[in-house]
Amino acid sequence: MSEPLVFREASVDLAAITANVAALAAHVGTPHVMAVVKANAYGHGAEPVARAALAGGADWLGVADISEALALRDAGIDAPLLAWLHDPAARFDEAVERGISLGISTLGQLDAVTDAATRVGTPARLHLKVDTGLSRNGLAAGDWDTAFTAASALQESGDVIVEGLFSHLSNASPADDAAQREGFETAVRTAARHGVSPELLHLAATASAITQPESRFSMVRLGIGIYGLSPWSDATPEIALVPAMTLRGRVANVRRVKAGTGASYDYQWRAGHDTTLVLVPLGYAEGIPRQASGRAEVWIAGKRHPVVGRIAMDQFIVDVGDAAVGIGDEVIVFGDPATGAPSADDWARAAGTINYEIVTRIGQRVHRRYEA
Ligand SMILES: *Cc1c(COP(=O)(O)O)cnc(C)c1O
């Protein structure tokens, strides 16, 4: 029996995450697979998702911040873990001590992790990140020689272990990705000339891991796909993936209104005929995008119904027409479209954004329920 429905709830199907990782890992066939669980696992819950992904065959976990990595260690997860976006004032000692691998994007970070390794008395585990065209994080091409020379010496002296070399693609076009891949191969060769030949070479995130075998190298970093969502807004992967998150609420109020009645702030919407409005207790504080006001749908009583009027901080209104809906009934905001419910992609289209943002923004007031 399922547990009673909570006021605001995101249920996360952990078996779906395990299966999605297994399906993606089988498709890519790389020796290593990193599950990316940054930003609270795209809103799904970092610790349970990390365990589900490891069960599906991921052997690495990836996060942006060291604090996210430390939280996973605190939760008892001892799998290899990479953090790649650092506070300029970071000291790295705790990360080194607790065996967290560090992405290195500046020469300053290389110095700082070496200092930390010396203080802690443990070699720092590094993945050197090279910028191959995203112009975001990563060592600039002009710094590669210096960085590889330094890393090689530090590796010799035992201060660091260079475990990996990586970069990230723009997905701007196949040609742009190919140019970045060539840049990455140049970085790999340059590093090797300096005596740095790590086992883990990783470039691809979900999109290119699925479609570009030549981008897979020895590891792929899978984010959105493990949550069962497509990395593209105009296409779905050929691999069958199951959306893991279902966002629900309970109808908090029901009101029969006459034609002409306005609803929510600014009366952006007025009833065209007598109808029934129901109140859903999720708003932009929950991550429901206000831009989707009047453009999205939800699933109530086995049918899709339109969101009407402005989405507010804590709540929005749905026009259910003459359907018999009562206080306490279930509302599915989004979930697996195979059930008929709207998808995170439907909400993304309504709000002019991407599915990544829809799930990742789900807020603190939403109770997470995990289904094994
Ligand atoms: C977020 C992120 C990923 C995962 O990307 P998806 O498109 O969600 O698979 C991979 N690598 C890096 C560096 C990232 O920041």
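In this text, all values refer to a predicted model and were calculated from it rather than measured experimentally. Counting starts at 1 for both ligands and their atoms, in listed order.
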Inset, instruction - Compute whether any side-chain donor of one residue and acceptor of the other, for Ser173 and Asp176, lie under 3.5 angstrom apart. - result: yes
Inset, instruction - Kindly confirm or rule out an N or O of Ile224 lying under 3.5 angstrom from an N or O of ligand 1. - result: yes
Inset, instruction - Please confirm whether Tyr356 comes under 4.0 Å of ligand 1, counting heavy atoms of the residue only. - result: yes
Legend entry - Arg255 atom CZ, neighbour heavy-atom count above 12 within 6.0 Å: no
Legend entry - Nearest non-hydrogen protein atom, atom 5 (O) of ligand 1: Ala205 CB, 3.4 Å
Inset, instruction - Considering heavy atoms of the protein only, find what lies nearest to atom 10 (C) of ligand 1 and give residue, atom and distance to 0.1 Å. - result: Arg221 NE, 3.5 Å
Inset, instruction - Could you say whether the N/O atoms of Lys38 and ligand 1 ever approach to under 3.5 Å? - result: yes
Inset, instruction - Report yes if some N/O of Ala207 lies less than 3.5 Å from some N/O of ligand 1; otherwise report no. - result: no
Inset, instruction - Give the residue and atom name of whichever protein heavy atom lies nearest to atom 9 (O) of ligand 1, and the separation in Å to one decimal. - result: Thr206 OG1, 2.5 Å
Inset, instruction - Just let me know how Phe166 lines up against ligand 1, side chain, backbone, both or neither, with a heavy-atom cut-off below 4.0 Å. - result: neither
Legend entry - Distance-only polar pair, side chains of Asp346 and Ser343, donor-acceptor under 3.5 Å: yes
Inset, instruction - For Tyr42, take its heavy atoms, then give the atoms of ligand 1 lying under 4.0 Å from any of them. - result: 1 (C), 4 (C), 5 (O), 6 (P), 8 (O)
